[in-house]
Amino acid sequence: MGDFLIRNISDAMKRDIAEAAQRSGNSLSDEAKELLREALQRKTDAKPEAVSAFAAIRDAFEREDAVGDEFAAIMEEIEAARKKDFGRPFEDFE
């Protein structure tokens with residue numbers, strides 16, 4: 001494991017972390033690591049993961065316990081409808 005130095009922390013922030021460490025029974029270092037871990041987790045949780053339309057639809061079916069043959073049939077229908085549009089001329093927008 002490596003060390004991590006954070007410079008120019010205000011006295012107030014250091015005092016707040018020290019007080020939180022004392023309340024939780026942690027060392028200053030352990031409390032700072034825990035605060036960083038929690039902040040990173042919140043940041044990670046806040047970002048929605050980019051998923052494909054297929055994955056989003058599959059997730060919806062999984063939540064309803066309907067990922068068997070019904071899911072496969074619907075996805076085949078969607079794919080067939082999508083492929084019908086290939087090669088179709090663009091509409092005149094003017």
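In this text, all values refer to a predicted model and were calculated from it rather than measured experimentally.
Judged as a side chain to side chain contact (heavy atoms under 4.5 Å, CB included), and not counting sequence neighbours, the contacts of A12 are S10, R15. For S29, there are no side chain to side chain donor-acceptor pair (under 3.5 Å) partners, not counting sequence neighbours. Annotation: salt bridge (Lys or Arg N to Asp or Glu O under 4.0 Å) contacts of R37 (sequence neighbours excluded): E34.
The list of side-chain hydrogen bond (donor to acceptor under 3.5 Å, both in side chains) pairs with a residue in residues 19-28, not counting sequence neighbours, reads S24-N26, S24-E31, N26-E31, S27-D30.
Other members of the hydrophobic cluster containing I6, listed by chain and number, are F4, I9, M13, I17, L28, L35, L36; membership follows side-chain contacts under 4.5 Å among ILVMFWY residues, whether direct or relayed.
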